Amino acid sequence: MNKMDKQTEGSSMDVVADNIEQLKQIFPEVFCEGKVDFEVLKATLGEYLEEQEERYQFNWNGKAGARRIAQTQSTGTLRPCKEESKHWDATENVFIEGDNLEVLKLLQKSYHKKVKMIYIDPPYNTGKEFIYPDNFKENLDTYLEYTGQIDGEGRKFGTNAETTGRYHTNWLNMMYPRLKLARNLLADDGVIFISIDDNEQSNLKKLCDEVFGEENFIANVIWEKKYTVANDAKYFSDNHDHILVFTKSIGSFKIGRLPRSEEMNNAYKNPDNHQKSVWKSTPLHAKSGSDKFEKFEFTFLNGVTWSPPTGTYPRFSKETLKRLDEGNEIWFGKDGNATPARKTFLIELKNDGIVPRTILSYKDAGHNHESKEEIKILFGENTFDTPKPTKLLKLLSIIGNTNSNDIILDFFSGSGTTAHAIMDLNAQDNGKRKHIMVQLPEPCDEKSEAYKAGYKTIAEIGKERIRRAGEKILADNKDKDGIENLDVGFKVFKLDSSNIKTWDADFDSLEEDLHKFVENTKADRSEDD
């Protein structure tokens with residue numbers, strides 16, 4: 001047994017072992033003496049097994065390595081930092097400073113299948129922004145070297161310029177293991193929203209199809225991020241971002257409906273003074289239905305006979321049409337000669353809300369200028385270049401159907417917009433949603449306003465924003481009942497090496513080494529760690 005074989009450390013949840021256990025539950029017959037018999041597995045899968053040399057698949061250089069990185073256990077730990085926290089003893093919110101790949105591994109035990117919603121705004125891979133390379137052997141060691149916690153080769157995280165020759169590959173290798181681990185954290189009815197632009201949208205969609213399953217794709221939502229036209233654009237004015245929406249299980253997820261606006265309500269009138277008050281006419285036909293209604297025909301009390309237009313289907317059965325007709329809930333126009341339509345009453349819709357559209361207008365979801373103004377209001381200057389507006393995150397939280405005690409995770413948290421939005425939404429609807437923010441201590445540019453204001457890293461900006469945003473929300477809602485119970489705190493944890501001493505005994509000094517390991521916690525660590 002060599003020296004490395006004898007070393008053991010505390011580690012995160014073993015994802016591979018968990019997958020094997022799930023496979024045992026589904027196909028116990030394919031295991032023989034604890035090992036998978038692939039011949040039996042092949043026979044069990046039968047016609048669902050792809051054996052062709054050429055097949056439809058999404059592949060790139062380094063994919064196998066990226067998959068292994070996701071399955072490798074972390075030996076890190078999250079150390080509490082009470083002096084940078086707010087309301088440590090009372091809060092249920094968390095801010096974690098560290099490499100999100102390692103942090104996601106460490107969250108597996110405590111938050112496996114417990115997160116209702118994930119929102120991330122990862123690097124768009126424009127060649128300019130920060131990138132997380134995973135082309136090293138020990139992710140945690142690289143992070144510790146990067147943050148100066150251990151001596152080493154001084155590895156630096158940098159940009160992913162097109163000149164590297166592996167432009168898309170590097171980005172995919174960064175994203176793949178993180179999304180694999182994120183999926184494990186989602187509850188069965190959970191949902192993930194990922195902001196992206198055209199540069200990697202197509203690759204991200206294929207990546208998510210593989211990680212989450214293409215059957216769990218909900219939508220590619222368009223967010224109108226700008227309201228002005230860039231006339232200096234070479235081709236098109238870039239006015240939108242994509243937000244890819246996937247769920248953990250399409251059968252379990254229920255989308256949230258948006259509140260009705262006054263503009264929507266004003267479209268309802270009452271020209272015939274109906275006792276149910278204002279209404280709007282809606283068609284009696286639908287685009288889809290059963291072929292058994294191919295020759296559907298119905299005659300109303302006034303003698304008008306109606307059939308759905310060619311290529312469409314009846315929206316209601318004859319029994320329902322009869323009930324609506326007898327209740328004066330069918331509209332034939334002012335002169336009684338128009339195509340019959342249903343009277344849809346506002347009073348019956350108010351509690352249902354509106355089905356979200358795949359285009360989010362800047363009027364409803366905010367825009368880039370608004371998000372920068374939010375930062376300016378809190379800090380007095382532009383401390384962050386690319387924040388998202390809180391209005392967008394609140395809207396996504398409603399669409400994600402988050403409720404009172406749900407957990408929302410953002411592991412590319414940046415300036416902390418998600419935490420800000422969740423606190424604000426809780427203030428509005430008396431919710432108790434909890435947020436978990438994860439951010440690498442990425443250095444601020446020394447020429448930036450943030451650096452001049454004293455913020456050395458993006459993580460420092462995020463923590464300070466949450467502090468200030470919480471106080472502003474309390475002040476803005478000071479007259480609201482129960483606002484004093486709003487959780488505006490957060491516990492700060494920082495990624496570090498394991499609390500457990502490395503077992504590195506030598507045969508010749510075994511007795512002495514055993515005495516050293518009676519207490520296996522490192523000397524500078526505490527029970528809180």
Side-chain angles (χ1 to χ4, degrees), residues 60 119-132 158-172 174-175 193-209 217-246 263 356-377 379 381-396 399 410 412-418 421 442 444-451 458 461:
W60 66 89
Y119 170 79
I120 54 171
D121 184 16
Y124 283 8
N125 203 21
T126 62
K128 299 175 183 177
E129 81 281 70
F130 203 72
I131 199 73
Y132 295 60
T159 55
N160 185 35
E162 291 188 56
T163 53
T164 62
R166 296 183 62 186
Y167 184 56
H168 297 294
T169 294
N170 287 342
W171 189 84
L172 288 166
M174 182 273 292
M175 290 296 294
F193 298 92
I194 309 175
S195 286
I196 201 69
D197 69 0
D198 286 324
N199 202 47
E200 293 291 356
Q201 181 273 329
S202 60
N203 283 331
L204 179 62
K205 171 63 167 62
K206 286 181 280 190
L207 190 62
C208 288
D209 280 342
F217 172 64
I218 302 280
N220 178 2
V221 174
I222 299 300
W223 168 50
E224 192 179 15
K225 65 182 179 181
K226 291 195 297 190
Y227 57 87
T228 56
V229 176
N231 281 320
D232 59 347
K234 186 176 181 180
Y235 299 113
F236 286 87
S237 176
D238 180 19
N239 279 49
H240 78 276
D241 273 353
H242 302 269
I243 301 176
L244 295 187
V245 188
F246 279 80
E263 185 180 352
R357 299 190 304 163
T358 53
I359 298 177
L360 300 181
S361 161
Y362 71 83
K363 294 179 182 178
D364 300 321
H367 47 77
N368 283 345
H369 181 70
E370 180 180 312
S371 59
K372 289 184 178 181
E373 283 301 308
E374 288 180 325
I375 292 286
K376 272 189 177 181
I377 290 170
F379 288 90
E381 63 249 324
N382 261 334
T383 56
F384 196 78
D385 292 332
T386 56
K388 292 293 186 286
T390 55
K391 194 182 288 186
L392 172 65
L393 269 299
K394 285 190 285 187
L395 199 64
L396 295 181
I399 293 171
D410 183 345
F412 286 97
S413 66
S415 70
T417 301
T418 302
E442 174 188 347
C444 295
D445 190 316
E446 293 186 10
K447 297 177 182 178
S448 68
E449 292 297 321
Y451 191 89
I458 299 299
I461 295 173

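What you see below is based on every heavy atom in this structure, not just the backbone, and it leaves out hydrogens, waters and symmetry mates. Keep in mind that what you see is a predicted model, and the values were worked out from it rather than measured.
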Exercise for review: Would you check if there is a donor-acceptor pair between the side chains of Asp198 and Gln201 at a distance under 3.5 Å?
Suggested key: no
Practice item. Compare every heavy atom of Lys391 with every heavy atom of Gly366, then report the nearest pair and how far apart it is. Key: N-CD, 3.5 Å
Exercise for review: Apply side chain to side chain contact (heavy atoms under 4.5 Å, CB included) to the pair Ser415 and Ile375, showing each step before the final yes or no.
Suggested key: CA-CA 9 Å; Ser415 70; Ile375 292 286; 4.1 Å; yes
Point to revise | Heavy-atom pair of closest approach, residues Ile196 and Pro123 | key: CD1-O, 4.3 Å
Exercise for review: Please round to the nearest 0.5 Å and tell me the distance separating atom CG of Asp410 and atom NZ of Lys388.
Suggested key: 10.5 Å
Check your understanding: When rounded to the nearest 0.5 angstrom, what is the spacing between NZ in Lys372 and NZ in Lys376?
Key -> 9.0 Å
Review point. Strictly by modelled atom types, are Tyr119 and Thr417 linked by a side-chain donor-acceptor pair under 3.5 Å?
Key: no
Practice item. Start with the C-alpha distance between Ile218 and Phe246, add both sets of side-chain angles, then the distance that settles side chain to side chain contact (heavy atoms under 4.5 Å, CB included), and finish with yes or no. Key: CA-CA 5 Å; Ile218 302 280; Phe246 279 80; 5.8 Å; no
Review point. Of the options Ile120, Val221, Leu244, Ile399, which is the one that meets Phe193 in a side-chain contact (heavy atoms from CB on, under 4.5 Å)?
Key: Ile399
Practice item. Classify the angle between the aromatic ring planes of His240 and His242 as parallel (below 30°), tilted (30 to 60°) or perpendicular (above 60°). Key: perpendicular
Check your understanding: Going from CD1 on Ile243 to OG1 on Thr358, what distance comes out if it is rounded to the nearest 0.5 angstrom?
Key -> 11.5 Å
Exercise for review: Output, in order, the C-alpha distance, side-chain angles, deciding distance and verdict of side chain to side chain donor-acceptor pair (under 3.5 Å) for Thr386 and Tyr124.
Suggested key: CA-CA 11 Å; Thr386 56; Tyr124 283 8; over 6 Å; no
Check your understanding: Judged by modelled atom types alone, do Glu449 and Asn382 share a side-chain donor-acceptor pair under 3.5 Å?
Key -> no
Study note, to complete from the structure: Between the OG1 atom in Thr383 and the OH atom in Tyr451, the distance rounded to the nearest 0.5 Å is 15.5 Å
**Study point:** Inter- and intrachain pairs under salt bridge (Lys or Arg N to Asp or Glu O under 4.0 Å), touching residues 225-238, at least two apart
**Key:** Lys225-Asp238, Lys225-Asp241
Exercise for review: Fit a plane to each ring of His369 and Tyr227, take the angle between them on a 0 to 90° scale, and name the class: parallel (under 30°), tilted (30 to 60°) or perpendicular (over 60°).
Suggested key: perpendicular
Exercise for review: Please determine, by modelled atom types, if Glu200 and His168 share a side-chain donor-acceptor pair under 3.5 angstrom.
Suggested key: yes
Practice item. Look at atom NZ of Lys205 and say whether more than 12 heavy atoms of other residues, nucleotides or ligands are closer to it than 6.0 Å. Key: yes
Review point. If you take all heavy atoms of Ala450 and Cys444, which pair is closest and at what distance?
Key: CB-SG, 4.2 Å
Exercise for review: Please tell me if the side chains of Leu360 and Ile222 come closer than 4.5 Å, counting only heavy atoms from C-beta onward.
Suggested key: no
